[in-house]
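Every chain is numbered from 1, with letters handed out A, B, ... down the list of sequences.
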There are 2 protein chains.
Amino acid sequence: MKEQGAKERIISTACDLFYKQGYQATGINQIIEEAGIAKASLYQHFPSKEALLNEYLLITRLNNYEHLLQFTAKMHPGKQKLMGLFECRLERMETSNFKGCAFIRIAYELPGLNQEATAQVHAHTQGLKTFIEEQLLVIKHSFPKGELREMTDMLLNLYEGAGLQGYIQRSVKPMEDTKKVVRKLIATL
Amino acid sequence: MKEQGAKERIISTACDLFYKQGYQATGINQIIEEAGIAKASLYQHFPSKEALLNEYLLITRLNNYEHLLQFTAKMHPGKQKLMGLFECRLERMETSNFKGCAFIRIAYELPGLNQEATAQVHAHTQGLKTFIEEQLLVIKHSFPKGELREMTDMLLNLYEGAGLQGYIQRSVKPMEDTKKVVRKLIATL
DNA sequence: ACCAACATATACAGACTTGTCTGTTTTAAA
DNA sequence: TTTAAAACAGACAAGTCTGTATATGTTGGT
């Protein structure tokens with residue numbers, strides 16, 4: 001039994017490099033070298049570099065979401081899980097050395113994104129939105145539809161804005177400050 | 001008298017293309033072709049493509065700021081100018097066909113940004129922060145220092161978060177919704 | 001033991017990139 | 001009119017990139 005199949009090595013190496021260095025800055029040759037496979041093997045599993053990109057986005061999205069669920073698994077639904085979203089991001093900012101959100105990076109790096117990749121970016125955002133909305137509904141069961149939406153969007157904007165500022169400044173401070181503000185915001189609900 | 005000097009044509013063409021297509025996707029050859037100048041002329045004015053990038057960021061930052069000042073020139077300082085910030089961005093989102101903020105795009109496109117370029121990105125963010133803070137101080141003259149800072153950061157996060165969502169969705173809706181929320185937020189001050 | 005599937009290494013094609021270089025032509029001022 | 005700076009055209013170097021092709025080797029299932 002092998003340690004890991006060639007395809008798995010390709011994918012995990014590509015995911016690593018695409019996130020660490022960016023998609024454009026990562027060449028096929030670097031991927032095959034670090035994965036320890038032959039170039040022909042790569043093109044047997046993936047028809048193009050773009051196919052690797054789509055696989056990268058899909059896997060990263062599932063991983064991110066899974067990580068969020070595990071991170072907040074033992075928290076109480078509602079306020080605690082909502083704060084957990086921010087804490088989870090804080091943790092990832094540090095462990096990733098402020099590399100930023102994979103989906104936003106791709107969206108800015110490649111203005112002309114293919115359909116499938118675009119769908120992954122949207123799915124990621126929608127996932128965040130849904131998570132926030134669910135917690136808000138737990139906090140305040142009788143949320144008027146319009147206000148729920150408004151609050152969800154606002155929290156998402158704060159979350160993304162703080163993530164962006166943190167990325168630019170290479171600091172957790174914007175996210176920590178935002179966490180405090182959010183705590184105050186949802187305290188009044 | 002010439003219509004425009006070679007250097008000016010280089011800069012304006014580079015700024016256009018860097019913003020429209022991205023920095024990496026724009027080659028030197030395309031710049032000289034569309035500017036209608038010779039390659040040797042470009043390298044007589046700029047030592048490298050990276051020097052052009054720095055010039056692009058500097059000029060874009062000054063232009064953006066100038067545009068904001070003109071856009072809000074006839075507005076009353078305080079709430080009106082603060083809302084003007086969001087309206088100004090809304091206008092630019094449409095005229096630029098949702099190309100996003102030049103500085104954020106560069107920050108994500110080139111993870112290893114040179115010192116001067118990084119400084120321009122920071123200066124841009126700081127400019128926004130200062131603008132917001134100034135308007136807040138007009139609105140509420142006796143703002144406690146900590147709360148002023150908190151409110152400034154929050155508004156900046158909302159602004160950037162909405163800009164990001166608008167970019168991803170290619171829609172003005174997130175920014176419009178955020179504008180409404182901000183109006184409510186500052187109404188209570 | 002054999003065969004098919006998969007990996008391997010490596011060379012190659014063709015198209016791109018930034019930046020250099022040579023030599024000619026235009027322009028402006030003295 | 002002479003002179004010097006600047007812009008021109010375009011070939012070229014040296015390297016990058018993705019993707020293909022060839023030819024050899026390994027491995028697991030029947």
Given A:Glu176 and A:Phe86, is the side chain to side chain contact (heavy atoms under 4.5 Å, CB included) satisfied, shown in steps? CA-CA 8 Å; A:Glu176 280 173 345; A:Phe86 289 82; over 6 Å; no
Between C:dT26 atom C1' and B:Gln44 atom CD, what is the distance in whole Å? 14 Å
The correct set of residues in residues 108-120 of chain A placing a heavy atom under 4.0 Å from DNA chain D is none
Is it true that, when you exclude B:Arg149 itself, more than 12 heavy atoms of the residues, nucleotides or ligands shown sit nearer than 6.0 Å to its CZ? no
Ignoring hydrogens and angles, tell me if any N or O in the side chain of B:Thr72 forms a donor-acceptor pair with the backbone of B:Met75 under 3.5 Å. no
Exercise: identify the closest heavy-atom pair between B:Gly161 and A:Glu160: CA-CB, 4.4 Å
Measure the distance from CD on B:Gln24 to P on C:dT18 and round it to the nearest whole Å. 10 Å
Donor on one side chain, acceptor on other, A:Glu8 and A:His45, under 3.5 Å: no
What is the distance, to the nearest angstrom, from the CD1 atom on B:Ile10 to the P atom on C:dG19? 14 Å
Going by chain and number, the hydrophobic cluster around B:Tyr65 (ILVMFWY, side chain to side chain under 4.5 Å) further includes B:Leu69
Between C:dT18 (P) and B:Ile31 (CD1): distance, integer Å: 8 Å
Rounded to whole Å, the CD1-P distance (A:Ile32 to C:dA11) equals 13 Å
Give the ring-plane orientation class for B:Tyr167 versus A:Tyr108, where under 30° counts as parallel, over 60° as perpendicular and anything between as tilted. parallel
Assign the ring pair B:His124 / B:Phe103 to parallel, tilted or perpendicular, where the plane angle (0 to 90°) is split at 30° and 60°. parallel
Give a yes/no answer on whether the side chain of A:Arg9 brings an N or O atom under 4.0 Å of OP1 or OP2 in C:dA7. no
Counting only side-chain nitrogens and oxygens, does A:His45 get under 4.0 Å of the OP1 or OP2 atom of C:dA7? yes
Would you list the protein and nucleotides 19-23 of chain D atom pairs, both N or O, that sit under 3.5 Å from each other?
residue, atom, partner, partner atom, Å
D:dG19, OP2, A:Tyr43, OH, 2.9
D:dG19, OP2, A:Lys49, N, 2.9
D:dG19, N7, A:Lys39, NZ, 3.2
D:dG19, O6, A:Lys39, NZ, 2.6

Atom NE2 of A:His122: over 12 foreign heavy atoms under 6.0 Å: yes
What is the distance, rounded to the nearest whole Å, between atom CG of B:Leu42 and atom C1' of D:dA6? 14 Å
